[in-house]
S.K.: 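Before anything else, here's the structure in question.
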Amino acid sequence: MTKFDKILIVFVVFISLFGMYMVKERASNYNKKYVEIIVDGTEHSKYILDNNIDKEIEVITDKGYNIIHIQNGQVVVAESDCNNQLCVRKGVIEEPGELIVCLPHRVIVQITGSSDDLDSISY
Amino acid sequence: MNKTRNFTFLALLTAFAVLLSVFENIIPLPIAAPGAKLGLPNMIILSSLVIFGFKKSLTINIVRTFLVLIIIGNPISFIYSFFGAVFSLITMYIVHRYFSNYFSLIGVSIFGAIAHNTAQVATASIILENMNIFSYLPVMYLISLFTGFFVGFSSNFIIEQLNKVLYKVDWR
């Protein structure tokens, strides 16, 4: 372990913490949230995400199925027949910028946001 | 004779790397990020890069990804692992070849792990046509610090033992 190894480790920690902060920061200034389900790069469906919504969506592709629950402002892939089950193990997402990816089925569930403030229009 | 030994050694190392890849695919990681793995085969790849050089370790690596494709049978994960493997090997080669005065094997393998993750996320974002996947990257960088450290640390022992064996058979 040389001096430069330690510098590299500290640098990478710094970069990744900064990156996580940026992801969070981008997510925090939205007041409207959407759930987008994307299959094969094209939009499958889109819902407004708030606390009242309660939906169960079944996405069926020729590769398999994913069952997505939207409930209490949270989104989770409840069931899937993909081989690695990463989408199910990912758990609950609720903030803009978060996403669940099912690589085998090429399904993405992502939360996006938009802000209606005047501030954002003036950009 | 040298050529035969050469082939045998490469084949052995490839077999080890394939074994570790399959093993790694079987054990689940508690972290659910796409492609979050321990990087066990990278121990073999890094050791062979140090001992046998770039070309041979590239051969081992590419043959490994093809064999894993045949065993596991997942063409999509093959694309990810192929680009990740090639890109991380090139990065490790450059760091080891030109900056080995500064970085030990631990640093080299951390570079490799980071390059591997970057390539995989980039490939995933191209295939899925979605840039948001890059938001996984900071978390994966943190994970790759630990896995990279582990791999670099253990490669030291592998290289030590391999050198002993190679000295015994008078190969080098």
Side-chain angles (χ1 to χ4, degrees), chain A residues 1-27 36-43 63 76-77 80 82-93 95-113, chain B residues 25-26 28-37 72-80 95 99-111 113-114 117-118 120-121 123-146 148-149 152-153 156:
Chain A
M1 193 92 153
T2 63
K3 197 178 91 191
F4 284 90
D5 285 349
K6 286 168 189 160
I7 294 173
L8 173 71
I9 290 175
V10 172
F11 183 69
V12 172
V13 168
F14 180 75
I15 289 266
S16 56
L17 288 181
F18 181 71
M20 281 188 229
Y21 171 75
M22 287 298 283
V23 171
K24 263 233 131 54
E25 179 68 22
R26 248 185 59 192
E36 275 177 17
I37 299 169
I38 298 163
V39 181
D40 252 344
T42 52
E43 192 172 295
K63 299 179 187 85
V76 64
V77 176
S80 170
C82 61
N83 49 15
N84 57 16
Q85 294 289 311
L86 280 176
C87 49
V88 179
R89 291 222 313 274
K90 167 79 181 172
V92 166
I93 59 171
E95 294 298 327
E98 287 190 289
L99 73 167
I100 303 175
V101 184
C102 185
L103 286 180
H105 296 171
R106 297 185 59 180
V107 171
I108 302 175
V109 182
Q110 65 177 7
I111 301 182
T112 54
Chain B
N25 266 295
I26 293 169
L29 263 192
I31 311 137
K37 283 177 189 163
I72 305 242
N74 188 344
I76 297 175
S77 73
F78 163 73
I79 300 171
Y80 299 119
V95 175
F99 301 102
S100 55
N101 295 339
Y102 306 111
F103 295 108
S104 72
L105 277 188
I106 294 173
V108 175
S109 117
I110 288 176
F111 265 113
I114 286 175
N117 282 336
T118 313
Q120 277 200 327
V121 169
T123 317
S125 77
I126 291 169
I127 288 182
L128 295 166
E129 296 161 26
N130 190 319
M131 294 303 276
N132 278 345
I133 294 172
F134 277 99
S135 65
Y136 275 125
L137 212 51
V139 185
M140 291 173 78
Y141 278 177
L142 269 192
I143 301 170
S144 65
L145 271 187
F146 292 101
F149 181 87
F153 191 71
N156 279 322

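Lettering of chains follows the sequences in order, A, B, ..., and the numbering in each one begins at 1.
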S.K.: Of the backbone (N, CA, C, O) and the side chain (C-beta and beyond), which part of A:Leu99 lies under 4.5 Å from a heavy atom of chain B, both, or neither?
M.R.: both
S.K.: Rounded to the nearest 0.5 Å, how far does OH of B:Tyr136 lie from CD of A:Glu98?
M.R.: 9.0 Å
S.K.: Identify which part of A:Ile9 has an atom lying under 4.5 Å from any heavy atom of chain B, answering side chain, backbone, both or neither.
M.R.: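 For A:Ile9, heavy atoms of backbone and side chain both lie under 4.5 Å from chain B.
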S.K.: Could you look at B:Leu137 and say if it's the side chain, the backbone, both or neither that has a heavy atom under 4.5 Å from chain A?
M.R.: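 Answer is neither: B:Leu137 stays 4.5 Å or more from chain A.
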S.K.: Among A:Ile108, A:Asn83, A:Leu17, A:Val13, who wins on heavy-atom pairs under 4.5 Å with chain B?
M.R.: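 Going by pairs under 4.5 Å, I would pick A:Ile108.
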S.K.: Who wins among B:Phe153, B:Phe111, B:Tyr102 for the most heavy-atom pairs under 4.5 Å with chain A?
M.R.: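 Going by pairs under 4.5 Å, I would pick B:Tyr102.
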S.K.: So how far is it from B:Ile110 CD1 to A:Asp5 CG, rounded to the nearest 0.5 Å?
M.R.: 6.5 Å
S.K.: Identify the two heavy atoms, one from A:Ser16 and one from B:Pro138, that lie closest to each other, and give their separation to 0.1 Å.
M.R.: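 Scanning both residues completely, I find the closest heavy atoms to be CB-O, 3.1 Å.
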S.K.: Rounded to the nearest 0.5 Å, what separation is found between the CZ atom of A:Phe11 and the OH atom of B:Tyr141?
M.R.: 10.0 Å
S.K.: With a 4.5 angstrom heavy-atom cut-off, is it the side chain or the backbone of B:Phe134 that approaches chain A, or both, or neither?
M.R.: neither
S.K.: Of the non-hydrogen atoms in B:Ile127 and A:Arg106, which two are nearest, and what is the gap between them?
M.R.: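 Result for this residue pair: O-NH2, 2.8 Å.
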S.K.: Once you round to the nearest 0.5 Å, how far does CD1 of B:Ile114 lie from CG of A:Leu8?
M.R.: 6.0 Å
S.K.: Hey, what do you get for CG (B:Asn101) to OG1 (A:Thr2), rounding to the nearest 0.5 Å?
M.R.: 10.0 Å
S.K.: Need one label for A:Ile100: side chain, backbone, both or neither, based on atoms under 4.5 Å from any heavy atom in chain B.
M.R.: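 A:Ile100 touches chain B through backbone heavy atoms alone.
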S.K.: So, for B:Phe103 and A:Phe4, which heavy atoms are closest and what is the spacing to 0.1 Å?
M.R.: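 Distance-wise, the nearest heavy atoms are CE2-O, 3.4 Å.
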S.K.: Quick one: CD on A:Glu95 to OG on B:Ser135, what's the gap to the nearest 0.5 Å?
M.R.: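 OG of B:Ser135 is found 12.5 Å from CD of A:Glu95.
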